[in-house]
Amino acid sequence: MRYFDCVIIGAGAAGLMCAATAGQRGRRVLVVDHANKVGKKILMSGGGRCNFTNQWVEPANFLSANPHFCISALKRFSQYDFLSLVDKHQLAYHEKTLGQLFCDNRAKDILNILLAECEAGGVTIETRCAVQQITQLSSIDTATHTQQTEPDTARFELQTALGPVRCESLVVATGGPSIPTLGASGFGYDLARQFGLQVTDLQASLVPFTFKGERLALAQSLAGVALPVSISCNNQTFKEALLFTHKGLSGPAVLQISNYWHPGEAVQINFLPDHDLQACLREWQQAGEKAELKTLLSRLLPKRVVLAWLAFPELQALVDKPVAQLSHADIAALASVFQCWSCIPAGTEGYKTAEVTRGGVCTDQISSKTFETKSVAGLYFIGEVLDVTGWLGGFNFQWAWSSGWCAGQYV
Ligand SMILES: Cc1cc2nc3c(=O)[nH]c(=O)nc-3n(C[C@H](O)[C@H](O)[C@H](O)COP(=O)(O)OP(=O)(O)OC[C@H]3O[C@@H](n4cnc5c(N)ncnc54)[C@H](O)[C@@H]3O)c2cc1C
């Protein structure tokens, strides 16, 4: 029987950060992962360049049934702490937009930092190591274990593909089920339930929307067109790029709002976020513009979008109208369609393309200081498996670093 002070299930962002931190405190740490490689999501993140944090991290960038839960960890291990680590390893990085920090070279550089830190902490990492069963040991189990090689502090016994292991602290860092081909699984939720913890509703998030019927045909006719929009749902608005796709809508604006969207709800899109269309139309009228509406609107928007929207039944009559002839009602109708277009997505592309899972292990049952569960001593949950979901833009990795580092102080 092997014994470690701490076993971490999941060699992703949170698990590796926790392992390095605990290892460097002198704890004997084992990280097990059922995948063939560690840190697969890190490797494919940010288009291969890993958007590893954001300059402007705030608790407001995270969703959770308990919005206060993330505050302490984000303060104790902030984006600046992660940047210190990045600087220590002399990694070159740059800001892309909206405070999003990316590697200059490749995402693997971030993984290499974590692995170097794990090595410095003497951490053992085992891949292709599925965990089959976990048993909480009672004091009787540990006392009656005959050939005891471990101290009697062992609280858990794991049956793994590489044999049984005992440990005092068990950390669940298995992430969420998005992109199952990368080794993602719902194992952490099953484990939480096994130990009597609650799991919130789960939904694929930071994910493109899909359409059906006429809306789908509209999106398909514009597939590949990208433009800045502001998009709103449930009192949240994002101003970023939208992309029409063969399935519906994507792009950063859409991924962001998907965090706030529930099936059946409408989203509102303003295709002219930097203009007041009613005012523009009146100015054109006052200036005596002779051009047709479609020509003038094409000054503000891609022509394909203008033509597609002017083909809506309520606007068809206006397509060839000179702008001077537009009535107040026409102007209001145009503003409504271009600046407050409401649509109900048929759904999302689901876990096969989602960047994260919204929801997770209920944080009420977890200490926001140590990440230990309140009801099971020695059992910790960190990272995306928890009910803490960040915006697009490096926030989800920052949550993995913050929660992993904080738990690493206690495991
Ligand atoms: C395509 C893509 C791009 C992304 N880009 C960004 C980005 O640029 N910036 C950002 O902030 N966030 C990004 N994210 C989100 C980010 O990757 C995750 O939020 C983050 O990796 C979560 O860290 P974690 O350690 O909790 O989980 P993960 O990094 O997912 O790690 C979980 C680990 O647990 C292992 N595991 C799962 N089940 C088991 C099991 N049963 N037994 C053993 N091991 C198991 C997995 O193999 C995996 O290695 C992206 C996500 C995706 C899918």
Side-chain angles (χ1 to χ4, degrees), residues 7-19 30-54 57 61-62 79 82 93 96 98-103 107 110-111 114 125-134 158-162 170-191 204-208 252 255 259 349-358 360-361 371 380-405 407:
V7 171
I8 298 172
I9 309 177
L16 292 175
M17 175 57 94
C18 182
L30 169 69
V31 188
V32 294
D33 201 299
H34 65 173
N36 59 344
K37 274 201 281 188
V38 300
K40 282 192 175 183
K41 279 194 188 166
I42 298 175
L43 292 176
M44 79 173 299
S45 65
R49 292 239 166 117
C50 188
N51 177 195
F52 56 83
T53 191
N54 192 292
V57 177
N61 304 124
F62 296 85
Q79 65 272 37
F82 193 74
Y93 63 89
K96 205 165 169 188
L98 302 170
Q100 300 167 5
L101 302 180
F102 286 75
C103 301
I110 291 289
L111 182 58
L114 295 169
I125 300 176
E126 291 175 352
T127 51
R128 297 179 200 270
C129 183
V131 177
Q132 287 125 5
Q133 204 190 336
I134 295 172
L158 287 76
Q159 304 306 322
T160 80
L162 301 176
L170 178 62
V171 183
V172 184
T174 46
S178 63
I179 326 250
T181 48
L182 292 183
S185 77
F187 182 78
Y189 311 130
D190 298 338
L191 209 56
S205 215
L206 297 184
V207 65
L255 301 194
N259 258 350
E349 288 188 16
Y351 288 115
K352 65 181 188 305
T353 45
E355 281 202 11
V356 290
T357 301
R358 190 177 73 210
V361 177
F371 289 83
Y380 297 74
F381 286 82
I382 56 172
E384 196 186 315
V385 73
L386 287 167
D387 171 29
V388 176
T389 309
W391 289 8
L392 187 79
F395 300 99
N396 286 294
F397 277 136
Q398 185 57 46
W399 175 243
W401 317 138
S402 298
S403 57
W405 184 88

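Every number for a ligand or one of its atoms is a count from 1 in the order of the listing.
- Around ligand 1, the residues contributing at least one heavy atom under 4.0 Å from the ligand are Ile9, Gly10, Ala11, Gly12, Ala13, Ala14, Asp33, His34, Ala35, Lys41, Met44, Ser45, Gly46, Asn51, Ala173, Thr174, Gly175, Ile179, Gly183, Ser185, Phe187, Ala354, Glu355, Val356, Gly383, Glu384, Gly394, Phe395, Asn396, Phe397, Ala400.
- Once rounded to the nearest 0.5 Å, the distance linking CG of Leu392 with CG of Asn61 reads 11.0 Å.
- With sequence neighbours left out, Phe82 forms a ring-ring contact (aromatic ring centres under 6.0 Å, His included) with Phe52, Trp401.
- Minimum interatomic distance between Asn259 and Ser205 (heavy atoms only, all atoms of both residues): OD1-OG, 2.6 Å.
- Taking a 6.0 Å sphere around NZ of Lys37, one finds it holds 12 or fewer heavy atoms contributed by other residues, nucleotides or ligands.
- Using a distance-only test at 3.5 Å, with no hydrogens or angles considered, a donor-acceptor pair links the side chain of Asn54 to the main chain of Gly393.
- A donor-acceptor contact shorter than 3.5 Å is absent between the side chain of Lys41 and the backbone of Ala13.
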